[in-house]
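Chain identifiers are assigned alphabetically (A, B, ...) following the order of the sequence lines, protein sequences preceding nucleic acid strands; residue numbering begins at 1 within each chain.
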Amino acid sequence: MSKEITSRQQDYSQWYNDLILKGGLADYSAVRGCMVIKPYGYALWENMRDQLDKMFKETGHQNAYFPLFIPKSFLSKEAAHVQGFAKECAVVTHYRLMNDPNGGGIIVDPDAKLEEELIIRPTSETIIWNTYKTWIQSYRDLPLLINQWANVVRWEMRTRLFLRTAEFLWQEGHTAHATAQEAIDETLLMLNIYAEFAEEWMAMPVIKGVKSINERFAGAEDTYCIEALMQDGKALQAGTSHFLGQNFAKAFDVKFSDKQNKLDYVWATSWGVSTRLIGALVMAHSDDEGLVLPPKLAPIQVVIIPIYKGDEQKNLIDEKVKVLMITFKALGIKVKYDDNDNNRPGWKFAEYEMKGVPIRIAIGARDIEKNVVEVARRDTKEKMTVSIDGLAEAMHVLLNDIQTNIYSRAKKYRDENISKADTWDEFKKVLDGPGGFISAHWDGTAETEDKIKELSKATIRCIPLSNTQEEGKCILTGNPSRERVLFARAY
RNA sequence: CGGGGCGUAGCGUAGCCCGGUUAUCGCGCCACAUUUGGGAUGUGGAGGUCGCAAGUUCGAAUCUUGCCGCCCCGACCA
């Protein structure tokens with residue numbers, strides 16, 4: 001009983017932290033707001049990254065890499081952009097250290113002050129558009145479809161493991177197009193890729209929508225997003241895709257000649273998802289026993305645990321498992337045989353439950369006699385006896401089944417937690433009760449949105465893309481409204 | 001930045017109010033043995049700038065002052 005997890009009901013935040021720390025995904029570090037991603041957590045990120053990368057490449061994007069440092073003057077070229085990020089920038093002012101002449105150890109050399117300060121990128125639009133200026137002259141250079149996998153820094157006041165860290169890993173796509181329509185199509189294409197990834201790989205249902213002006217990315221014309229619902233009834237933005245119009249092209253003077261030799265500014269998009277997705281994944285499926293990972297992303301899909309008395313039995317099991325492992329791997333199943341004898345089976349059972357491994361197989365001498373194994377699935381905690389013949393195929397099917405099951409479970413929860421509210425009282429009642437998404441009328445003004453946020457801490461998560469038009473009255477002001485939007489308290 | 005909590009071995013803790021042997025206990029770690037179908041047991045062992053600094057005192061984990069760090073809640077945000 002060395003690793004107790006706080007229950008969700010007792011303290012949801014603590015539960016979340018326990019899962020991350022005790023599940024071996026990450027650790028706190030010596031640096032405020034920055035975490036260490038441990039091998040198991042990083043393996044999960046690699047799986048997510050690899051799949052997304054594949055999807056980006058399938059849609060014609062290429063990877064590139066731009067500098068970590070952004071000259072201060074670049075950031076201020078797009079007015080809205082700098083306003084959005086100025087308050088959370090880490091700034092490099094010097095380039096050298098020296099021994100303190102007063103014996104105080106190492107100090108910053110005052111003579112080594114940079115002429116122009118460098119900002120550690122909070123996002124890379126500016127450095128990238130400064131570069132695109134030199135890459136784009138003609139419509140023949142378009143579209144330019146680039147993605148970058150990188151780390152970025154945002155000096156957040158309050159941080160949380162994976163959900164909001166001062167430094168985080170992400171990908172940022174930055175594309176340039178000849179027409180507005182093409183850029184809008186790209187924005188939506190990437191939004192759909194994010195949604196597909198969230199639903200099919202993370203098994204996490206999301207709502208696609210567009211942000212209100214208040215919630216829009218700094219420098220964008222339109223911000224699209226996917227919004228997911230966590231088990232505590234709070235929403236989480238899982239990915240964003242921005243139509244940037246010609247804002248950055250104008251700020252960085254990026255023009256191209258069209259077929260008629262007419263000069264025009266190019267149209268831009270940017271889109272990103274981050275290690276925050278790991279936080280989303282954790283909160284979407286896990287329970288009080290630990291993580292529950294979707295098979296498609298789990299670093300370990302099947303763990304095999306031997307149960308034996310003495311070397312003779314152990315050897316027998318080893319032989320059997322060796323053959324099984326080959327059949328598992330042939331089907332592309334990520335399997336681990338844990339025959340470490342430091343820990344007994346019971347300990348391992350608990351440990352792999354904590355780590356969210358989708359399937360656990362226990363195999364002992366008496367199983368081999370009967371040509372069976374014990375299979376336990378993490379999502380339902382169900383145990384069953386399965387024949388060794390065709391085991392890999394059966395597990396392959398079961399992994400798919402688990403993937404589908406946790407998706408349906410999450411979707412059922414999500415759907416049950418979308419409520420309609422037509423009055424302020426109803427609205428507050430849901431928020432202070434179960435939470436979740438609230439579909440409500442809003443008069444469309446930023447002032448009202450701010451007021452609602454101030455009064456209820458709920459924000460407009462998005463205006464769903466497939467929204468039905470419907471006459472109604474704003475829940476706060478009673479002013480006329482043409483459609484409902486989704487509110488929630490959010491991470 | 002405001003509110004709350006915390007800092008003692010890798011982790012979790014007792015001791016602090018009321019200063020006084022060698023700083024408590026559990027987990028983990030190392031060795032050996034017995035074990036292995038839901039977090040094993042025994043025996044032996046290693047491991048400590050009590051967050052940092054100054055002060056009070058014969059004597060400080062304990063009292064005083066200052067500082068630092070972390071976590072949780074809120075404002076900011078992906």
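Where Arg276(A) and Lys348(A) each meet RNA chain B at their nearest nucleotide, the meeting point lying more 5' is that of Lys348(A). In terms of position along RNA chain B, the nucleotide closest to Ser29(A) lies nearer the 5' end than the nucleotide closest to the other residue of the pair Gln237(A) and Ser29(A).
Contact annotation for Thr240(A): no contact, since no heavy-atom pair falls under 4.0 Å across all strands. Contact annotation for Glu156(A): base contact, defined as any heavy-atom pair under 4.0 Å involving a base atom. Using a 4.0 Å heavy-atom criterion, one finds that Leu163(A) contacts the bases of the nucleic acid, with or without backbone contacts as well. In this structure, Tyr28(A) reaches the sugar-phosphate backbone alone: every heavy-atom distance under 4.0 Å involves primed, P, OP1 or OP2 atoms, never a base. Arg158(A) comes within 4.0 angstrom of a base, heavy atoms only.
For the P atoms, the distance linking rC16(B) with rA53(B) amounts to 24 Å, nearest Å. A distance of about 43 Å separates the P atoms of rC29(B) and rU65(B), rounded to the whole Å. Separating the C1' atom of rG19(B) from that of rG55(B) is a span of 15 Å, rounded to the nearest Å. Rounded to a whole angstrom, the distance from the P atom of rG7(B) to that of rG15(B) is 11 Å. Rounded to a whole angstrom, the distance from the P atom of rA14(B) to that of rG59(B) is 29 Å. For the C1' atoms, the distance linking rA46(B) with rA60(B) amounts to 28 Å, nearest Å. Nucleotides rG28(B) and rG39(B) are separated by 13 Å at their C1' atoms, to the nearest Å. Taking atom P on both nucleotides, rC52(B) is separated from rG10(B) by 13 Å, rounded to a whole Å.
For rG69(B), the paired nucleotide is rC6(B), the pair qualifying as Watson-Crick or G-U wobble because both relevant distances are below 3.5 Å. rA61(B) is unpaired under the criterion used here, namely a Watson-Crick or G-U wobble arrangement in which both key atom distances are under 3.5 Å. rG74(B) is paired with rC1(B) under the Watson-Crick or G-U wobble criterion, all donor-acceptor distances under 3.5 Å. Across all strands shown, rU34(B) is found opposite rA40(B) as a Watson-Crick or G-U wobble partner, with both distances under 3.5 Å. Across all strands shown, rU49(B) remains unpaired; no Watson-Crick or G-U wobble contact has both distances below 3.5 Å. Across all strands shown, rU56(B) has no partner, as no Watson-Crick or G-U wobble contact with both distances under 3.5 Å is found.
Whole-Å rounding puts the Ile363(A) CD1 to rU36(B) C1' distance at 15 Å. Taking atom CD1 of residue Ile5(A) and atom P of nucleotide rG12(B), one finds them 16 Å apart after rounding to whole Å. One can place CD of Gln14(A) at 13 Å from C1' of rG12(B), the figure rounded to the nearest angstrom. Rounded to whole Å, the distance from CD on Gln313(A) to C1' on rU35(B) is 13 Å. Atoms CZ (Phe349(A)) and P (rU36(B)) sit 14 Å apart, rounded to a whole Å. Distance, Asp11(A) CG to rC71(B) C1': 11 Å, rounded to whole Å. Summarising the geometry, the separation between CE on Met157(A) and P on rC1(B) is reported as 10 Å, rounded to the nearest angstrom. Look at CZ on Arg344(A): it is 6 Å from C1' on rU35(B), rounded to the nearest Å.
OP1 or OP2 of rC73(B) has at least one side-chain nitrogen or oxygen of Ser13(A) nearer than 4.0 Å. Proximity of Lys355(A) to the phosphate of rG39(B): no side-chain N or O atom is located under 4.0 Å from OP1 or OP2. Phosphate contact (OP1/OP2 of rC72(B), side-chain N/O of Asn17(A), threshold under 4.0 Å): present. The side chain of Arg154(A) contributes no N or O atom lying less than 4.0 Å from OP1 or OP2 of rC77(B).
A donor and an acceptor atom sit less than 3.5 Å apart, one in the side chain of Glu353(A) and one in the base of rG38(B). Side-chain to base pairing of Arg360(A) with rG38(B): one donor and one acceptor N or O lie within less than 3.5 Å of each other. Under 3.5 Å, the side chain of Asp367(A) and the base of rG37(B) form at least one donor-acceptor pair of N or O atoms. Judged by distance alone with a 3.5 Å cut-off, a donor-acceptor contact links the side chain of Arg366(A) to the base of rG37(B). Counting distance only, with no hydrogens placed and no angle test, the side-chain atoms of Lys383(A) and the base atoms of rG38(B) include a donor-acceptor pair under 3.5 Å.
Here Trp271(A) and His61(A) bring their ring centres to under 6.0 angstrom of each other. The ring of Phe217(A) has its center no closer than 6.0 angstrom to the ring center of Tyr224(A).
Taking each heavy atom of Ala26(A) and Phe162(A) in turn, the nearest pair found is CB-CE1, 3.7 Å.
Between rA75(B), rU36(B), rC71(B), one nucleotide has an atom nearer to the side chain of Lys457(A) than all others, and that is rA75(B).
Looking at heavy atoms from C-beta onward, Met35(A) lies out of side-chain contact with Ser29(A) at the 4.5 angstrom threshold.
Taking the ring centre of Phe349(A) as origin, the terminal cationic atom of Arg360(A) falls inside the region bounded by 6.0 Å and 45° from the ring axis. For the pair Lys355(A) and Tyr352(A), the cation-pi criterion (under 6.0 Å, within 45° of the ring axis) is not fulfilled.
Using a cutoff of 4.0 Å between basic side-chain nitrogens and carboxylate oxygens, Asp432(A) and Arg489(A) are scored as salt-bridged.
Classified by interplanar angle (parallel below 30°, tilted 30° to 60°, perpendicular above 60°), the ring pair Trp267(A)/Phe243(A) is parallel.
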